[in-house]
Protein chains: 2
Amino acid sequence: MRNLDALDARILLALDADPRATTVALADRLGLARNTVQARLKRLEEDGQLREPSRRVDPAALGYPLLALITLSISQRVGQSTREPILRIPEVIELLVTTGDGDLLARVVAKDTEDLHRITNLLLEVPGVVRSNTTIVLLEVQPFSVRSLLEGHAGS
Amino acid sequence: MRNLDALDARILLALDADPRATTVALADRLGLARNTVQARLKRLEEDGQLREPSRRVDPAALGYPLLALITLSISQRVGQSTREPILRIPEVIELLVTTGDGDLLARVVAKDTEDLHRITNLLLEVPGVVRSNTTIVLLEVQPFSVRSLLEGHAGS
DNA sequence: ATTAATTTTAAGCATAATGCTCAATCGAGA
DNA sequence: TCTCGATTGAGCATTATGCTTAAAATTAAT
């Protein structure tokens with residue numbers, strides 16, 4: 001897999017700024033030929049650097065305004081078998097295996113604090129989960145974005 | 001803002017399963033008229049439930065295979081002024097204000113552990129940051145996805 | 001049960017994007 | 001200077017898009 005060059009980064013940045021932009025619009029904005037943009041995008045996708053787009057659904061707009069990060073401690077023996085039941089809880093929208101005091105980190109949405117309490121109890125009922133630690137997200141200062149990363153590559 | 005009905009959820013699910021799907025393809029797959037899908041999608045976007053798509057760039061494919069979650073404790077007085085310098089660090093790809101023992105949670109990518117050390121030091125140099133706690137992500141069991149949430153709504 | 005309102009469906013149409021191919025041109029490096 | 005890879009420009013058939021209009025179907029209310 002090749003590394004990104006500056007042109008790749010510029011194309012990805014333009015796409016980040018306007019994900020709806022067509023190939024034609026990108027080429028126009030960047031002052032490139034349509035074929036060039038089309039070829040680079042194709043290669044970026046083939047190389048796995050540009051994954052499928054995602055249509056972003058806002059959980060808050062779905063009625064889940066509460067976002068929490070729940071650290072879960074898992075008893076040694078069970079290991080992987082705890083993940084599946086956790087993922088079956090619909091409100092768990094992301095699950096990471098981590099180092100540190102916890103073993104799993106779950107990103108959880110909820111309708112309100114009572115709902116969050118219910119979900120926390122669900123998590124504690126999962127076999128192998130011995131402890132949980134809930135952190136509530138008060139503000140998403142910067143939602144997930146790789147823009148700053150790309151900017152470094154584009155400046156060369 | 002209206003709540004999602006089952007049809008909305010089904011459309012969003014189909015879009016989640018295949019984000020590249022055209023309106024025509026969605027209508028075909030769901031057995032609906034193109035106009036119906038087009039109108040529902042338009043309304044979902046107008047209501048803010050369906051945000052702009054995002055082209056997903058994999059940080060690992062960009063040369064940042066290490067993912068860490070860094071909890072930052074902030075001294076009382078400074079508050080918001082710490083956020084800006086933190087966001088200027090390119091490797092910070094997400095920043096949340098949280099309750100709990102930390103005050104900020106930064107999602108950080110790095111080229112390797114040494115790079116992560118460098119970034120941690122950068123964070124500690126930010127005025128107002130008094131303590132940091134780094135957790136390394138070993139595995140993304142379930143990347144961010146609202147699919148499970150939507151499935152609940154679609155089943156009615 | 002009948003009426004009213006909303007939603008879905010169907011068709012048409014102009015414009016634009018897409019995926020593709022081919023050949024010419026450009027640029028950097030051997 | 002020669003060569004290889006990337007970029008460019010053009011063309012072309014197919015398809016999606018955004019939009020409008022009107023009929024049919026569904027739902028809610030009286």
Side-chain angles (χ1 to χ4, degrees), chain A residues 1-58 61-63 146-147 149-156, chain B residues 1-58 61-63 149-156:
Chain A
M1 180 191 301
R2 290 196 20 184
N3 258 5
L4 290 197
D5 65 9
L7 185 52
D8 289 324
R10 287 210 300 140
I11 292 174
L12 292 178
L13 272 174
L15 210 46
D16 182 74
D18 179 14
R20 276 159 149 32
T22 64
T23 309
V24 181
L26 288 178
D28 192 46
R29 176 179 313 275
L30 297 170
L32 300 169
R34 174 166 81 101
N35 264 356
T36 305
V37 177
Q38 205 160 7
R40 306 289 282 230
L41 283 177
K42 187 179 177 184
R43 202 190 57 201
L44 286 169
E45 294 196 359
E46 285 170 354
D47 290 357
Q49 288 155 330
L50 182 57
R51 290 189 273 184
E52 270 206 324
S54 73
R55 301 295 301 239
R56 303 189 310 156
V57 175
D58 182 4
L62 261 55
V146 294
R147 189 183 63 248
L149 273 184
L150 291 172
E151 280 168 352
H153 289 263
S156 46
Chain B
M1 178 192 303
R2 289 196 20 182
N3 259 5
L4 290 197
D5 65 9
L7 185 52
D8 289 323
R10 287 208 301 138
I11 291 174
L12 292 178
L13 272 174
L15 209 46
D16 181 76
D18 178 14
R20 277 161 149 27
T22 63
T23 308
V24 181
L26 288 178
D28 192 46
R29 175 179 314 275
L30 297 171
L32 300 168
R34 173 165 83 99
N35 264 357
T36 305
V37 177
Q38 205 161 6
R40 305 289 283 228
L41 284 177
K42 187 178 177 185
R43 201 188 59 201
L44 286 169
E45 294 195 359
E46 285 170 353
D47 290 357
Q49 289 155 329
L50 181 57
R51 291 191 272 185
E52 270 206 324
S54 74
R55 300 295 300 237
R56 303 188 311 156
V57 175
D58 181 5
L62 261 55
L149 273 185
L150 290 172
E151 280 168 353
H153 289 263
S156 45

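Chain naming here is simple, since letters A, B, ... match the order of the sequence lines and numbering starts at 1 in each.
- Taking atom NZ on A:Lys42 and atom C1' on C:dC20, their separation rounds to 9 Å, with Å as the unit.
- Other residues, nucleotides and ligands place more than 12 heavy atoms under 6.0 Å from the CZ atom of B:Arg51.
- Side chain of A:Asp47 to main chain of A:Gln49: no donor-acceptor pair is present (N/O by atom type, distance under 3.5 Å, no hydrogens or angles).
- Between A:Glu52 and B:Arg56, the shortest heavy-atom distance links the atoms O-NE, 3.0 Å.
- B:Asp28 has its CG atom 15 Å from the C1' atom of C:dT9, to the nearest Å.
- For the pair A:Arg20 CZ and D:dT17 P, the computed distance is 11 Å after rounding to whole Å.
- Heavy-atom nearest nucleotides on DNA chain C were determined for A:Ala25 and for B:Val37, and the one closer to the 5' end corresponds to B:Val37.
- Mapping B:Val24 and A:Gly31 onto DNA chain D by nearest heavy atom places A:Gly31 at the nucleotide closer to the 5' end.
- A:Thr22 comes within 4.0 angstrom of the backbone, heavy atoms only, and of no base.
- Considering only side-chain N and O atoms, B:Gln38 lies under 4.0 angstrom from the phosphate OP1 or OP2 of D:dG18.
- Using a 4.0 Å heavy-atom cutoff across all strands shown, A:Leu7 reaches sugar-phosphate atoms only and no base atom.
- Atom CG in A:Leu32 sits roughly 10 Å away from atom C1' in D:dT8 (whole-Å rounding).
- Atom CZ in B:Arg43 sits roughly 8 Å away from atom P in C:dT8 (whole-Å rounding).
- For the pair A:Leu15 and A:Leu50, the minimum side-chain heavy-atom distance is below 4.5 Å.
- Taking atom CG on B:Leu15 and atom C1' on D:dA16, their separation rounds to 15 Å, with Å as the unit.
- For A:Asn35, taking side-chain heavy atoms from C-beta onward, the closest of the listed nucleotides C:dT21, C:dT18, D:dT21 is C:dT21.
- The CD-C1' distance, from A:Glu46 to C:dG19, rounds to 13 Å in whole Å.
- Recorded end-axis angle for the helix from C:dA1-D:dT30 to C:dA30-D:dT1 stands at 40°, based on five pairs per end and rounded to 10 degrees.
- Between the C1' atom of C:dT6 and the CG atom of B:Asp8 lies a distance of 15 Å, rounded to the nearest Å.
- Residues B:Leu32 and B:Leu26 form no side-chain contact, since every pair of their non-hydrogen atoms from C-beta on lies 4.5 Å or further apart.
- Interface remark: the B:Arg34 side chain does form a donor-acceptor pair with the C:dG12 base, using a distance-only criterion of under 3.5 Å.
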>> side chain to side chain contact (heavy atoms under 4.5 Å, CB included) for B:His153 and B:Leu13? Distances and angles first, verdict last.
In response: CA-CA 10 Å; B:His153 289 263; B:Leu13 272 174; over 6 Å; no
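- Contact annotation: A:Arg40 reaches the phosphate of D:dT7 (side-chain N/O to OP1 or OP2, under 4.0 Å).
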> Hey, mind stepping through A:Leu44 and B:Val57 against side chain to side chain contact (heavy atoms under 4.5 Å, CB included) and telling me if it holds?
Replying inline: CA-CA 9 Å; A:Leu44 286 169; B:Val57 175; over 6 Å; no
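- For B:Thr23, no side-chain nitrogen or oxygen approaches OP1 or OP2 of D:dA16 to under 4.0 Å.
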